[in-house]
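Lettering of chains follows the sequences in order, A, B, ..., and the numbering in each one begins at 1.
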2 protein chains.
Amino acid sequence: MPAALPDDTRPTLAQVARIAGVSEITASRAMRGTTLVAQDTLARVQAAAQALNYVPNRLAGTLAGGQSRQVAVVLPSLSNSVFADVLKGLETRLEQDGYHVILGVSNYDPAHEERLITELLTWRPAGLVLAPAESTPGSRRMLAASGLPVVEIMDIDRAPVDVAVGLSQRAAGQDMARFLLQRGYRRMAYLGHDISVDPRARARRDGFCAALAEAGLTLEAMLLLPGPSSVGLGRKGTAQLLDRLSVGGLAVCYSNDDMAVGGMFHAMAQGLLVPADLALAGFNGLSIGQALPQPLTTIESRRVLIGEQAASCVLNRLHGLAIDPVQNVGFRLIPGATA
Amino acid sequence: MPAALPDDTRPTLAQVARIAGVSEITASRAMRGTTLVAQDTLARVQAAAQALNYVPNRLAGTLAGGQSRQVAVVLPSLSNSVFADVLKGLETRLEQDGYHVILGVSNYDPAHEERLITELLTWRPAGLVLAPAESTPGSRRMLAASGLPVVEIMDIDRAPVDVAVGLSQRAAGQDMARFLLQRGYRRMAYLGHDISVDPRARARRDGFCAALAEAGLTLEAMLLLPGPSSVGLGRKGTAQLLDRLSVGGLAVCYSNDDMAVGGMFHAMAQGLLVPADLALAGFNGLSIGQALPQPLTTIESRRVLIGEQAASCVLNRLHGLAIDPVQNVGFRLIPGATA
DNA sequence: AGCCATATTGACAGCGCTGTCATGATTTGC
DNA sequence: GCAAATCATGACAGCGCTGTCAATATGGCT
């Protein structure tokens, strides 16, 4: 059952070579510019390629030659703009060097993630970048055995298989707690999406709680809602939370900015005073939070940078350069006006 | 200069075959399950593959066999959640059939887009999906000549090279104008991001203006700000607009929801009454707009669906099924409470 | 027993390209 | 003017896999 469509009649290098009156290998060299080829030979080959509308076949090239110029990227989600930003950084940097992204989205499912890794590996990518969900032992074994550059992004708290690029999510959580404490808040609550599948959000929350504990405090309430984070969920959750808790000097730490913006909307709709009645803190430093009537108190994460730096790691590795196995891009607390 | 890293010592099908005590081609058949292979042979091959940790090489497979299972996707941006949604739909659907996305992001630059198409074509993808910026003649020629399934997404107003999946952006703009007119608004303004590079936003605006013209109206003001759309830009632009225009019965049509939400934030910060002082209309039906204290008047676009359907188009084409060259997924006006 | 359909396997060539080594054509140096 | 170095090109084999066709084995049927 041969494919219905393309009668794959695309010109090959051999045809280009014939027209240019040179051998195939010379044409190959002319097209790639790796080895020296006489000026006029080069011109003839280029002309022939142009005339035939020749498009090189990188499958064949890679198979014969070696390094693929594809990098596999596995992300847990795309609905969250965080990963879209990271992907943008990755794509931008990789493309500069003529590399391309093959994408997999795991939906925060470790088993799915493992399957994706297996499948993407069949394309023999030059490297792998992933924001692991809760990677299975199987995944980690495969990655280690692949012999490829493997960059785990977003979090640097766990020991990486190979290289990690990101920030300490735990430290970010701690810093936010300390900031709120320093501002004088003593009544704290946490509102998150389903962090059982999101290890980074969990790490932040754990850091937040740990810092509270150091100060002898505990959360007045912790609400975890099923489903992915969203503005709507944050709004709904805030309403629920305030059914149980009195306002006035209450600070709510959200799992991220989306959720926090939802909280802000709830406050606005209810005519609550922010931060007097209700203080809010997010995470990510999304532009929407900063465009709110009151800028959101949050932590800036450098998502595009993480993507770019992860890409650079892969590329440097491929060029045989030594690289730091743990790369901390840091974060920055944005005081804002909601806490 | 051989690659520094992977001493590509990965097991090959030949090795699997040897261990299983069968010929290479039999092992191939066993791995793929296309042709019948005796039960115990199958088991032996699978065991051997398992033991060696065999990972098939799809580069070789595709080169030898035919159809690649990669689909090239070219998008103008990832910062806009619209395209992240589309990509999610694409990835989800393609993966179900064992296909993978190779990604390119053009940043709304037609020349860049053309280069991306050229490069991605070198991987001999099975198909192409793109949300064209302002495609160059060169791009269109290449696409037509590729002989591959080519799906242009988002807009169905222009004649597609091959297949189009999306909605009539122009009709969406018209519908919004008619809706506002019907609500009794007569004072209209338009606030957009740099639509010179975004043909879809432009089509919506044109439709909007055309419908106004039918009613004998023209825009009181049209403000186009440089740079990509964002909540911040919408907020800033609204402030600028209201420097020149009086409020009270004024309806502003924004290029999309991000911009409109920014407008809403400005209104909130200024204590303006929405919609009495200022009415706002967006486009996309993003969840954030619906979570606002007052849900945004907007038009729902089915982004994930567009992605899924575009993927299905490619797959169906590859299976030799006939498909409709123009697929309208439609849209829905969400009345909201801001106009 | 003899013949045929079916099931199972294999030999061979080739997908389009590149690494390696070898060859001929020039140039350079003394 | 001749050996050595340099430049430009080519022949060959092979990357890892699959399509095609052919071969063998097995069982059923008359």
Inset, instruction - Looking at every strand, decide which applies to Thr41(B) at a 4.0 Å heavy-atom threshold: base, sugar-phosphate, or nothing. - result: sugar-phosphate
Inset, instruction - Report the residue (Gly65(B) or Arg44(B)) whose heavy-atom-nearest nucleotide on DNA chain C is the more 5′ of the two. - result: Arg44(B)
Legend entry - Most 5' of Ala60(B) and Thr26(B) on DNA chain C, judged by nearest nucleotide: Thr26(B)
Inset, instruction - Classify the side-chain pair His112(A)/Glu95(B) by whether it contains a donor and acceptor separated by less than 3.5 Å. - result: yes
Inset, instruction - Scan side-chain atoms only and decide if Arg69(A) and Thr62(A) contain a donor-acceptor pair under the 3.5 Å cut-off. - result: no
Legend entry - Given dA11(C), dT18(D), dG10(D), the nucleotide with the shortest approach to the side chain of Ala64(B): dT18(D)
Legend entry - Nearest-neighbour nucleotide for the Arg32(B) side chain, dT18(D), dG16(D), dT9(C) considered: dT18(D)
Legend entry - Base of dG16(D) paired with side chain of Arg124(A) (donor-acceptor, under 3.5 Å): no
Legend entry - Donor-acceptor pair present, Arg58(B) side chain and dG16(D) base, under 3.5 Å: no
Inset, instruction - Output yes when at least one side-chain N/O atom of Tyr54(A) is less than 4.0 Å from OP1 or OP2 of dC17(C), else no. - result: yes
Legend entry - Short side-chain N/O contact from Ser28(A) to OP1 or OP2 of dT18(C), under 4.0 Å: yes
Inset, instruction - Mind running salt bridge (Lys or Arg N to Asp or Glu O under 4.0 Å) on Glu134(B) and Arg158(B) for me, showing each step along the way? - result: CA-CA 11 Å; Glu134(B) 194 64 85; Arg158(B) 296 181 304 179; 3.4 Å; yes
Inset, instruction - Could you grab the distance from atom CE of Met154(A) to atom CD1 of Ile306(A), nearest 0.5 Å is fine? - result: 4.5 Å
